[in-house]
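Only one structure is covered here, and it is reproduced in the block below.
Just so you know, these numbers use all the heavy atoms, side chains as well, and skip hydrogens, waters and symmetry mates. Order of the sequence lines fixes the chain letters, A, B, ..., with proteins taken first and strands second; residue numbering starts at 1 for each chain.
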There are 2 protein chains.
Amino acid sequence: MSEHWQRNDKEAESHGQYISAINRHMQILISAELAPYRIGSGQYIFLMAIAFQQPITQKALSEKLLIDKTTTAKAIAKLEAEGYVRREADPADNRYHLLYLTDLGREVVPHVQEALARVKNKTRKDITDEEYGLLISLLKIVLRNLTEQEKT
Amino acid sequence: MSEHWQRNDKEAESHGQYISAINRHMQILISAELAPYRIGSGQYIFLMAIAFQQPITQKALSEKLLIDKTTTAKAIAKLEAEGYVRREADPADNRYHLLYLTDLGREVVPHVQEALARVKNKTRKDITDEEYGLLISLLKIVLRNLTEQEKT
DNA sequence: TGCAATTAGTTGCAATAGCATCCTATTGAA
DNA sequence: TTCAATAGGATGCTATTGCAACTAATTGCA
């Protein structure tokens, strides 16, 4: 009912709650946008990353996106099942799978980009370019703090 | 291998990827911190919200935290199973469950607060108070944009 | 050269989360 | 008053995600 979300003495305001709420609601929006293409919120990141750089291995994807390799494996399996991605053994090292977009994959990528742009524009409302740049740079710092090695 | 994460022409930089990566890595950290108390990353928000305002109903929790009511039901069931939360039917309206902390719940809350503070401090490194305040306010706008009703 | 260690990827399992649907209690209009 | 509509909550199902443990391929050292 009330307009405030969380702000008071006992409950110090923290980015964590906002981050997780934003993440959940963005996933819901993106899932709805990409449902016509049978692409879920767990797969579009991989599709776009492959579109940007192909061929690429699952290991490289996992490192670039900071996602566990088993999650990557499952997402790629879905994209392959939908016919958007093709897997090929690396002739130089059979442990690697080289990932390519299929023709269908190349067709769907622009639609996915548009859908993501729609979601981004909706969430960016009332935020100037300058503020948005600042937001991104602060999020980068937070992410770096979370993922950098402990220098114990 | 390379230090950059995502930045180039074809792949426009967007907050979404950072938000989800931060969320995932924060969940991992928080899960590890709270494992000794058998509280998962899906439950601590509810525990803290109940600690702040009790009694409270599941519906009120869902609205405050912007979380689906079925997710709330499952999280509360776990907190109840661990003995941290007590459920009581509202005598005024038997559809409601009033939620209270148990003695055990009151004991564990400060430890959870400390664990959350540790995670927050780790992620806040290299960010000034002013910048952090700005980050929070921008995240609030993003969340509002995501959750406000379409005025179509 | 041969075998142990490492590496890329997979599988099984569990936790988180939302949607559709159902149940029960309450409310409200005819 | 009665019964349909509403509301809080629970249950079943599915998707996303990570960890532990595993397989298969490659590397490197004795």
Side-chain angles (χ1 to χ4, degrees), chain A residues 1 16 19-32 34-35 38-46 55-63 65-82 85 87-99 146-147, chain B residues 1 19-32 34-35 38-47 55-63 65-82 85 87-99 146-147:
Chain A
M1 287 305 153
I19 293 277
S20 69
I22 291 169
N23 189 56
R24 280 183 285 105
H25 288 272
M26 283 193 68
Q27 286 209 10
I28 292 171
L29 264 189
I30 291 174
S31 294
L34 299 184
R38 302 171 56 83
I39 297 172
S41 67
Q43 293 118 50
Y44 77 94
I45 314 184
F46 296 99
I56 189 170
T57 65
Q58 293 184 194
K59 176 178 174 50
L61 277 178
S62 297
E63 287 176 352
L65 302 175
L66 298 171
I67 292 179
D68 187 84
K69 62 178 182 172
T70 68
T71 302
T72 300
K74 287 157 193 167
I76 298 301
K78 288 199 177 182
L79 287 172
E80 193 182 24
E82 291 296 336
V85 165
R87 240 192 283 226
E88 208 171 272
D90 185 342
D93 188 332
N94 276 303
R95 288 173 303 181
Y96 288 87
H97 292 176
L98 298 180
L99 304 175
L146 277 168
T147 56
Chain B
M1 286 301 155
I19 294 277
S20 69
I22 291 168
N23 189 55
R24 280 183 286 104
H25 288 274
M26 282 193 68
Q27 285 209 11
I28 292 171
L29 263 189
I30 291 174
S31 294
L34 299 184
R38 305 171 54 84
I39 297 171
S41 67
Q43 293 118 51
Y44 78 93
I45 314 183
F46 297 97
L47 183 75
I56 189 171
T57 66
Q58 294 185 192
K59 175 175 176 52
L61 277 178
S62 297
E63 286 177 352
L65 302 175
L66 298 171
I67 293 179
D68 187 85
K69 62 179 182 172
T70 68
T71 302
T72 300
K74 289 158 192 165
I76 297 302
K78 288 198 179 184
L79 287 172
E80 192 182 25
E82 292 295 337
V85 165
R87 238 192 283 226
E88 208 171 274
D90 185 343
D93 188 332
N94 276 304
R95 289 175 301 182
Y96 287 90
H97 291 174
L98 299 178
L99 305 175
L146 277 167
T147 55

Practice task
Under 4.0 Å between any heavy atoms, over every strand shown, what does A:Thr57 touch: base, sugar-phosphate, or nothing? Just pick one.
Solution key: sugar-phosphate
Handout entry: Sugar-phosphate, base or nothing in reach of B:Ser41, heavy atoms under 4.0 Å
Key = sugar-phosphate
Under-4.0 Å side-chain N/O to phosphate OP1/OP2 contact, [X] with [N]:
{"X": "B:Arg87", "N": "D:dA10", "result": "yes"}
{"X": "B:His97", "N": "D:dA10", "result": "yes"}
{"X": "B:Gln58", "N": "D:dA10", "result": "yes"}
{"X": "B:Lys69", "N": "D:dG9", "result": "no"}
{"X": "B:Gln27", "N": "C:dA17", "result": "yes"}

Rounding to an integer number of Å, can you tell me how far [X] [atom1] sits from [N] [atom2]?
{"X": "B:Lys59", "N": "D:dA10", "atom1": "NZ", "atom2": "P", "answer": "14 Å"}
{"X": "B:Leu65", "N": "C:dA17", "atom1": "CG", "atom2": "P", "answer": "11 Å"}
{"X": "A:Arg95", "N": "C:dA5", "atom1": "CZ", "atom2": "P", "answer": "16 Å"}
{"X": "A:Asn23", "N": "D:dT16", "atom1": "CG", "atom2": "P", "answer": "13 Å"}
{"X": "B:Arg24", "N": "D:dA15", "atom1": "CZ", "atom2": "P", "answer": "19 Å"}
{"X": "B:Glu63", "N": "D:dG8", "atom1": "CD", "atom2": "P", "answer": "7 Å"}
{"X": "B:Lys78", "N": "C:dA17", "atom1": "NZ", "atom2": "C1'", "answer": "11 Å"}
{"X": "A:Glu80", "N": "C:dT10", "atom1": "CD", "atom2": "C1'", "answer": "13 Å"}

Problem - Euclidean distance, B:Leu98 CG relative to B:Thr57 OG1, rounded to 0.5 Å - result: 7.5 Å
Practice task
Look up atom CG in B:Leu61 and atom NZ in B:Lys69, then write down how far apart they are to the nearest 0.5 Å.
Solution key: 14.0 Å
Problem - Least distance between heavy atoms, A:His25 atom then B:Leu66 atom - result: NE2-O, 3.2 Å
What nucleotide, of [options], holds the atom closest to the side chain of [X]?
{"X": "A:Thr70", "options": "D:dT17, D:dC19, D:dG9", "result": "D:dC19"}
{"X": "B:Ile28", "options": "C:dA17, D:dT16, D:dG18", "result": "D:dG18"}
{"X": "A:Lys74", "options": "D:dA10, D:dT17, D:dG9", "result": "D:dT17"}
{"X": "B:Asn94", "options": "C:dA15, C:dA25, D:dT11", "result": "C:dA25"}

Practice task
Can you sort out the partners of B:Asp68 under salt bridge (charged side-chain N to carboxylate O under 4.0 Å, His left out), two or more places apart, ordered by chain and number?
Solution key: none
Fill in the blank from the handout: Of A:Ser31 and A:Asp68, the one whose nearest nucleotide on DNA chain D sits closer to the 5' end is A:Ser31
Practice task
Please test B:Lys78 against B:Glu82 for salt bridge (Lys or Arg N to Asp or Glu O under 4.0 Å), starting from the C-alpha separation and ending with a verdict.
Solution key: CA-CA 6 Å; B:Lys78 288 198 179 184; B:Glu82 292 295 337; over 6 Å; no
